[in-house]
Amino acid sequence: MGTINYSLSGMRDFNFLEVRKRNYIINNLTKLFELYGFSPLETPSMEKRSVLFGKYGDEGDKLIYQVLKSGNFLSKINDINTQDYKELSNFISDKALRYDLTIPFARYVVQNSQDITFPFKRYQIQKVWRADRPQKGRYREFTQCDVDVIGSSSLWSECDLISIYSDFFNIIGLKNISLNINNRKILEGIFDSLDIKTDFTSFCISIDKIDKAGKEYFYDFLDQKKCSKVQSKLIAKLFELKLSNSDKLQYIKSNFINEKVNSGVEELLFILDKTKSCKIDISIDFSLARGIDYYTGSIFEVISKDKSIGSLGGGGRYDGLTKMFGKDLGSGVGISFGLERIYMLLDEFNLFPKSINKSTDVFFVNLGEKEACISQKFVNILREKGISSELFPDCVKLKKQMSYSNKKNSKYTAMIGEDELNTGKINLRNMTTGDQELLTIDELIKKIKNE
RNA sequence: GUGACUAUAGCUCAGUUGGUUAGAGCAUCGGUUUGUGGUACCGAGGGUCGUGGGUUCGAGUCCCAUUAGUCACCCCA
């Protein structure tokens with residue numbers, strides 16, 4: 001029935017194959033994170049409302065799922081007369097589902113700072129929720145995989161994170177990946193150098209839009225904000241430079257001279273110099289701004305050049321994040337991997353290993369009580385040897401059991417009937433070729449171990 | 001939050017300018033085969049056409065409302 005749809009829009013079930021594929025990605029990430037010296041962390045799905053709000057910008061706040069207070073929350077708000085839903089939600093909700101992993105991480109670090117040795121390196125793979133309208137590659141419940149270093153402003157951290165991106169996409173075999181990099185200091189420097197009537201955030205958002213809306217949009221924006229034509233031209237040119245990384249930096253150095261721009265450029269130079277051996281394409285993109293408010297230095301975004309499904313990951317450096325929770329524990333930098341988008345690409349290019357689809361190695365059919373007893377003995381022996389094995393629970397038609405085994409994608413089906421009971425052998429059928437042979441249990445183990 | 005499009009069997013979809021009992025493929029179940037799956041052949045079950053209203057002698061088909069889904073925008077992984 002078309003009407004019966006039990007699950008919430010934008011929130012999904014995962015069947016066995018999907019879970020295995022997702023785990024494949026997660027396992028590879030976890031291995032890498034550990035290899036680079038990061039430790040795992042998990043935080044609750046919900047945070048206090050005050051922890052989350054005001055951290056992601058106005059647009060971000062709107063997308064936070066809020067949870068109602070329990071009990072009769074209306075009884076205490078008699079004296080409230082507001083028509084403003086934002087104000088009202090403050091009274092009836094005191095907690096919310098996490099929107100990302102970085103803010104809960106910052107909260108955790110401040111709360112536990114006495115037990116943490118800095119710089120603190122953690123990775124976190126958990127679900128986050130956004131009350132966005134779902135569309136392709138975008139869900140209301142999705143998994144983020146974050147790695148962050150907090151308590152150090154060294155650019156070596158940036159280099160390590162870039163190296164993780166590079167290693168990961170190399171390991172899982174995704175080609176044509178580009179890591180775009182920029183620095184908020186450069187954007188701030190440019191912004192300062194302009195005589196323009198707007199705030200920095202709107203400026204960033206308009207830059208970010210050039211890609212989609214075109215440069216005309218950006219010209220209009222600058223014009224509206226009373227930016228001079230000379231400056232407009234200079235800056236628009238900056239965002240469409242088709243130059244090498246070093247030429248781009250040269251251009252910006254000679255056209256926008258101030259301290260902020262300079263220090264941003266210096267940072268980029270350091271990072272580019274130290275990541276030369278990375279296998280990923282690193283390209284400076286001055287139009288990369290990112291909407292999240294808290295970034296202050298380096299910003300990253302990973303995209304696929306083959307498919308436009310949004311970014312595969314992103315991140316950046318943030319200076320004041322722990323300050324928002326009452327303690328300044330130093331600068332931090334982190335990146336995130338978008339599990340569902342990486343999944344989509346791997347699926348599309350058939351890059352998941354074939355072994356993901358296999359299940360039981362040896363599937364025993366059930367042909368009677370005596371037969372089941374001896375089959376179960378063999379099943380136990382195989383399991384001890386680390387060979388996955390199972391016995392069909394019911395003695396039903398063989399055809400049915402074979403069909404079940406086939407659908408489960410078993411490698412072999414083992415049959416023990418009257419004949420095999422007498423000879424003590426196992427009738428082993430290869431489910432790919434259909435070949436059958438009579439083996440003792442020892443021969444069977446040897447055969448499978450040798451594959 | 002804004003806009004566009006879609007809704008028929010478990011799934012993917014046909015269904016003519018409105019006209020008998022709404023079809024196919026896949027899937028499921030049974031049989032050809034009581035010890036052989038995946039390939040073959042035969043058969044069966046399964047639908048209040050998303051929901052509610054309207055126009056009409058007559059609506060899956062036209063109109064209105066509603067709900068859900070998809071895609072795009074905003075923003076983002």
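Nothing here was measured: the structure is a model prediction, and the numbers come from that model.
- Rounding to whole angstrom units, CD of residue A:Glu340 and P of B:A77 are separated by 12 Å.
- In this pair, A:Phe105 and A:Phe120 present their aromatic rings parallel. The plane angle is below 30°, not in the 30 to 60° band.
- Across the protein-nucleic acid pair, A:Leu63 atom CG and B:A77 atom P stand 11 Å apart, rounded to whole Å.
- Distance check on atom P: B:U70 versus B:U8 gives 14 Å, rounded to whole Å.
- Per the geometry, CZ belonging to A:Arg98 stands 15 Å off P belonging to B:A77, to the nearest Å.
- Across B:G43 and B:U33, the matching C1' atoms stand 16 Å from one another, rounded to whole Å.
- Nucleic acid contact class of A:Thr143 (heavy atoms, under 4.0 Å, all strands): none.
- Listed nucleotides B:A77, B:G35, B:G30 differ in distance to A:Leu398; the shortest reach to its side chain belongs to B:G35.
- For the salt bridge (Lys or Arg N to Asp or Glu O under 4.0 Å) with A:Lys127, the lone residue among A:Glu42, A:Glu141, A:Glu340 that qualifies is A:Glu141.
- Interface remark: the A:Asn406 side chain does not form any donor-acceptor pair with the B:G38 base, using a distance-only criterion of under 3.5 Å.
- A:Gln436 comes within contact range of at least one nucleobase, with a heavy-atom separation under 4.0 Å.
- With both ends at atom P, the span from B:A65 to B:G19 equals 25 Å, rounded to whole Å.
- Not a single donor-acceptor pair, N or O on each side, falls under 3.5 Å between the base of B:C76 and the side chain of A:Arg133.
- Distances were taken from every side-chain heavy atom of A:Lys397 (C-beta onward) to each of B:C76, B:G31, B:G35; the shortest belongs to B:G31.
- Across the protein-nucleic acid pair, A:Asp132 atom CG and B:G1 atom C1' stand 10 Å apart, rounded to whole Å.
- Rounded to the nearest Å, the gap between the P atom of B:C42 and that of B:G25 is 11 Å.
- For B:G35, the base has no donor-acceptor partner in the side chain of A:Glu371 [N/O atoms by modelled type, under 3.5 angstrom].
- Counting any heavy atom pair closer than 4.0 Å across all strands shown, A:Ile342 reaches no nucleic acid atom.
- Between the CD1 atom of A:Ile64 and the P atom of B:A77 there is a distance of 13 Å, given to the nearest Å.
- Of the C1' atoms belonging to B:G46 and B:A22, the separation is 14 Å, rounded to the nearest Å.
- Note on A:Phe337: nothing from the nucleic acid sits closer than 4.0 angstrom, heavy atoms only.
- Partners of A:Phe364 according to the ring-ring contact (aromatic ring centres under 6.0 Å, His included) rule, which considers only residues two or more places apart in sequence or in another chain, do not exist here.
- Atom-to-atom, CG of A:Asn422 to C1' of B:G35 comes out at 14 Å; the value is rounded to the nearest Å.
- With centroids closer than 5.5 Å and planes inclined by less than 30 degrees as the test, A:Phe142 and the base of B:A77 pass as a stacked pair.
- A salt bridge links A:Asp347 with A:Lys21; the closest basic N to acidic carboxylate O contact falls under 4.0 Å.
- With 3.5 Å as the limit, one finds no donor-acceptor pair spanning the side chains of A:Arg107 and A:Thr322.
- In this structure, A:Gly417 reaches the bases: a heavy-atom distance under 4.0 Å links it to at least one base atom across the strands shown.
- If you take NZ of A:Lys55 and P of B:C76, they are 17 Å apart, rounded to a whole angstrom.
- Within 4.0 Å of A:Glu141, counting heavy atoms only, lies no atom of the nucleic acid at all.
- Candidate nucleotides B:C75, B:A72, B:G37 were compared by shortest atom distance to the side chain of A:Lys136, and B:A72 ranks first.
- Rounding to whole angstrom units, OH of residue A:Tyr294 and P of B:C76 are separated by 11 Å.
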Practice task
Show your reasoning for whether salt bridge (Lys or Arg N to Asp or Glu O under 4.0 Å) applies to A:Lys62 and A:Glu59.
Solution key: CA-CA 5 Å; A:Lys62 283 184 205 157; A:Glu59 289 300 315; 3.4 Å; yes

Fill in the blank from the handout: Its dot-bracket string being built from Watson-Crick and G-U pairs below 3.5 Å, with | for another strand and [ ] for crossing, RNA chain B has the pattern (((((((..((((.....[...)))).(((((.......))))).....(((((..]....))))))))))))....

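- Checked against side-chain contact (heavy atoms from CB on, under 4.5 Å), A:Asp285 has the following partners two or more places apart in sequence or in another chain: A:Asn180, A:Ser287, A:Leu288.
- Phosphate proximity of B:G30 to A:Lys400: present, with a side-chain N or O under 4.0 Å from OP1 or OP2.
- In the model, A:Arg383 has no side-chain atom that pairs as donor or acceptor with a side-chain atom of A:Ser388 under 3.5 Å.
- Map A:Tyr139 and A:Arg429 each onto its nearest nucleotide of RNA chain B; the residue landing nearer the 5' end is A:Arg429.
- A gap of 23 Å separates the P atoms of B:A40 and B:G45, to the nearest Å.
- Within the 4.0 Å cut-off from OP1 or OP2 of B:C71, not a single side-chain nitrogen or oxygen of A:Gln135 is found.
- Among the nucleotides B:A77, B:G37, B:C74, the one closest to the side chain of A:Met431 is B:G37.
- A:Gly60 comes within 4.0 angstrom of nothing in the nucleic acid, heavy atoms only.
- Here A:Arg138 pairs with A:Asp132 in a salt bridge; the nearest charged N to carboxylate O distance falls below 4.0 Å.
- Nucleic acid contact for A:Ser405: none, since no nucleic acid atom lies under 4.0 Å from a heavy atom of the residue.
- For the P atoms, the distance from B:G52 to B:G60 is 13 Å, rounded to whole Å.
- The existence of a salt bridge linking A:Glu390 and A:Lys408 is confirmed by a sub-4.0 Å separation between a basic side-chain nitrogen and an acidic carboxylate oxygen.
- Picking from B:U36, B:C76, B:G30 the nucleotide with the shortest atom distance to the side chain of A:Met402 gives B:U36.
- Atom name P, nucleotides B:U21 and B:G53: the rounded distance is 22 Å, in whole Å.
- No contact: A:Ser336 has no heavy atom under 4.0 Å from any strand.
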